[in-house]
Amino acid sequence: MSEPSPSAAPHLRRLLGLLADDAPAEVLGAVSSAARAAGVPAADLAEVEGAVATALRIRGALRQHRRRELQLTALFDTAGDLAASRDLDEVLKAIVRRARMLLGTDTAYLTLPDEEAGDTYMRVTDGSVSVLFQRLRLELGEGLGGLVAQTASPYATPDYRTDERFRHTENINAGVLAEGLVAILGVPLLLGSSRGGTGKVIGVLFAADRSPRVFSPDEVALLCSLAAHAAIAIDTARALADTGAALAELAQANAELAEANAAVREHSAAMRRAEEAHDRLTDLVLRGGDVTDVATAVAGLLDSPLTIHDPGGRPLAAVRPDGTAGAADSADAGWLAETAEESRAGGRAVHRDGRWICAVLAGQELLASLVLHQRRRLDDSDRRLFERAAVVTGLLLLLRRTVAETENRIRGELISDLLSDAERDPAGLAERGRRLGIDLDRPRLLLVAESDARDRLGAAALRYLFGGDIHGVSAEHAGTVVLLVDCADEAAGAGSGRSPGEVARAAAAQLGHLVQAPVTVAVAGPAGGPRELAAAYAEAARCLRAMRVLGRTGEGACVDELGFLGVVLGNAQDVDGFVSATLGPLLRYDERRGTHLVRTLGAYFGAGGSLIRAKDELHVHVNTVVQRLDRIQVLLGRDWNEPGRALELQLALRLHLLSGGREG
């Protein structure tokens with residue numbers, strides 16, 4: 001009697017234990033070798049190898065998520081350090097030191113303008129080894145830093161020495177060569193607004209490596225967020241220094257001492273209030289608050305209702321000064337978008353129509369808009385508080401996006417596997433879904449979206465799902481983006497009487513707005529279970545092909561709305577060729593002679609073959625109808641009215657009209 005074959009279960013359990021212990025990648029990979037050495041059968045061995053590959057992907061995603069959490073935690077710590085520091089030199093050193101730590105670069109440094117000399121000088125460095133570099137002075141507009149200061153925009157280069165976008169000078173090249181820098185990222189420290197409507201650049205913050213490196217958009221946004229905190233901290237430190245100087249001068253002016261002391265007390269009280277508010281917001285972030293908590297805190301401090309909107313105008317939070325939930329802003333989306341853009345361009349809050357609006361930014365990307373329902377003008381301290389609230393809101397939204405992207409990436413892999421081969425292991429897919437918090441048996445709508453802006457569609461789908469009240473998961477599959485939307489979501493249509501086709505049209509409109517290009521969306525379902533979801537995807541994909549053939553780009557629909565044409569066109573390849581091959585003789589005859597054979601054929605079929613009803617439809621004599629049908633028979637052949645041929649002709653006539661053709 002032969003011994004039973006070794007089981008794959010122990011190896012799978014060991015794999016889960018190693019994944020929970022955060023074992024190295026090579027240890028996870030060794031599980032496959034151990035199973036092979038143990039003689040696990042080929043079918044089970046394939047399952048083990050697949051599980052190892054999935055574990056490696058999960059490990060990579062979790063490590064990236066932890067890295068981003070560490071970066072954001074460091075950024076929050078930086079906000080606390082800067083808020084606690086009052087000395088300008090300490091502030092600048094903390095900024096540069098944290099910039100180097102957050103991005104993990106070889107060096108970081110900060111340049112400030114010299115108003116008297118009319119140039120820019122190296123103010124603080126961290127990690128620098130060259131005295132020449134540390135004493136470098138730049139004329140305005142020179143090098144990467146000059147371009148950042150002129151445009152008030154971040155710039156990065158993987159190799160500065162060969163990058164022709166910047167104005168190289170002998171002075172700068174010598175300093176960069178002495179320090180051995182190659183890859184450089186520079187972001188502006190923006191404060192206030194200039195006459196041109198853009199933020200005033202009070203300095204440039206750099207992070208640089210001594211080897212080639214491509215800085216990712218996340219790293220650019222991270223350094224921009226630090227620069228936003230840094231600009232506020234520098235402004236606060238300068239304001240405090242100015243306050244101290246003013247106190248010293250006022251102490252010598254005995255005649256104006258009483259008035260000066262009153263002014264100082266008022267100014268100090270405003271500064272303390274601003275500092276306390278900033279500390280409160282920073283503490284709120286560190287304790288894991290959300291955008292509603294920020295809105296509640298700011299509404300109470302400024303004693304005015306406040307709402308927060310996403311870039312599309314949808315409300316994210318609305319609170320009254322007493323902390324209770326308030327009504328969403330009644331302003332239309334167009335007005336809000338225009339005013340938020342004005343705030344983004346100027347780098348300051350703006351006052352319009354009895355409301356204060358401040359753009360929430362990550363670099364140059366608009367994340368949200370804060371709307372304070374306050375008709376009176378805000379003093380400088382309250383205005384800074386409102387603008388600081390926008391910075392804190394941006395940090396929270398970036399953290400929320402990071403978490404959402406990580407979770408959606410892992411869940412998206414499940415959706416891709418489900419759509420690729422749902423029959424292989426439906427039970428395993430359902431179990432994977434439960435571990436990831438997705439109940440695949442729960443009825444959902446399945447949307448398939450495509451656009452010429454394919455590179456932006458995936459990110460837009462994520463913003464669509466997590467930017468409002470819609471809950472679901474998205475994945476890129478076969479050149480399209482697939483979305484599973486919970487049918488319980490009011491925004492998705494359930495409970496509001498909206499049909500799947502209406503849901504698809506709403507999604508097409510919102511996704512098109514996010515990518516700034518037409519997006520075509522097909523929908524199927526509701527469906528629950530791996531097999532049913534895979535079948536719904538096949539139906540939606542056929543519907544998408546039919547919409548493409550019918551020229552309905554940028555719209556949303558389901559198969560039922562397309563009727564029998566949707567079924568026929570779902571796999572069609574050449575509609576124009578079919579119409580030309582079927583109706584070509586009649587189309588060419590009508591075009592040459594100005595006759596109406598195509599229209600007559602359509603009226604004849606529409607009348608069910610009745611000559612009397614056809615002549616009434618055409619408003620001609622019955623003999624004219626007979627003569628035209630005789631001509632049609634000559635052009636198409638004697639079998640034109642046989643059932644099979646008649647069906648082809650009727651389908652070609654319908655397609656000809658749908659594609660914009662004339663009846664003749």
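The structure displayed is predicted, hence computed values, not measured ones.
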Side chains of [X] and [Y]: closer than 4.5 Å at any heavy-atom pair?
X	Y	result
Thr105	Phe215	yes
Leu483	Val521	no
Tyr160	Leu181	no
Leu223	Leu102	no
Leu147	Arg167	no
Leu136	Glu179	no
Leu92	Arg123	yes

What is the minimum heavy-atom distance between [X] and [Y], and which atoms define it?
X	Y	answer
Val187	Cys224	CG1-SG, 3.8 Å
Val519	Ala449	CG1-CB, 4.0 Å
Leu190	Ala152	CD2-CB, 3.8 Å
Arg213	Gly104	NH1-O, 3.7 Å
Ala517	Arg456	CB-NH2, 4.2 Å
Pro158	Val214	CB-CG2, 4.2 Å

side-chain contact (heavy atoms from CB on, under 4.5 Å) evaluation trace for Thr107 with Asp126
CA-CA 6 Å; Thr107 183; Asp126 189 78; 5.7 Å; no
Going through the distances and angles, do Thr125 and Val96 end up as a side-chain contact (heavy atoms from CB on, under 4.5 Å)?
CA-CA 7 Å; Thr125 65; Val96 173; 5.7 Å; no
So does [X] have more than 12 non-hydrogen atoms from other groups sitting under 6.0 Å from [atom1]?
X	atom1	value
Asp119	CG	yes
Gln516	CD	yes
Arg135	CZ	no

Among Ile172, Thr157, Ile184, which one satisfies side chain to side chain contact (heavy atoms under 4.5 Å, CB included) with Phe166?
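So, applying the side chain to side chain contact (heavy atoms under 4.5 Å, CB included) to Phe166 and each of Ile172, Thr157, Ile184, only Thr157 qualifies.
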Among Thr111, Leu138, Leu112, which one satisfies side chain to side chain contact (heavy atoms under 4.5 Å, CB included) with Met122?
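Answer to the side chain to side chain contact (heavy atoms under 4.5 Å, CB included) test with Met122 among Thr111, Leu138, Leu112: Thr111.
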Let me confirm one number: the [atom1]-[atom2] distance from [X] to [Y], rounded to the nearest 0.5 Å.
X	Y	atom1	atom2	result
Asn171	Glu139	CG	CD	8.5 Å
Gln510	His513	CD	NE2	9.0 Å
Arg97	Glu90	CZ	CD	9.5 Å
Ser216	Leu103	OG	CG	8.0 Å
Tyr121	Leu110	OH	CG	9.0 Å
Leu205	Arg98	CG	CZ	13.5 Å

Any idea how His351 and Trp356 line up, ring-wise: parallel (<30°), tilted (30 to 60°), or perpendicular (>60°)?
tilted
With side-chain contact (heavy atoms from CB on, under 4.5 Å) as the test, would you mind laying out the steps for Thr307 and His373 before giving the verdict?
CA-CA 8 Å; Thr307 55; His373 300 257; 3.6 Å; yes
Return the set of residues passing side-chain hydrogen bond (donor to acceptor under 3.5 Å, both in side chains) with Gln134 (not counting sequence neighbours), or none when no residue passes.
Ser128
Could you walk me through whether Val204 and Thr120 pass the side-chain contact (heavy atoms from CB on, under 4.5 Å) test, one step at a time?
CA-CA 10 Å; Val204 179; Thr120 301; over 6 Å; no
Check whether any side-chain N or O of Asp209 sits under 3.5 Å from a backbone N or O of Ser211 as a donor-acceptor pair, and report yes or no.
no
Strictly distance-based, threshold 3.5 Å: is any side-chain N or O of Arg100 a donor or acceptor partner for the main-chain N or O of Asp106?
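Pair found, side chain donor or acceptor close to backbone of Asp106.
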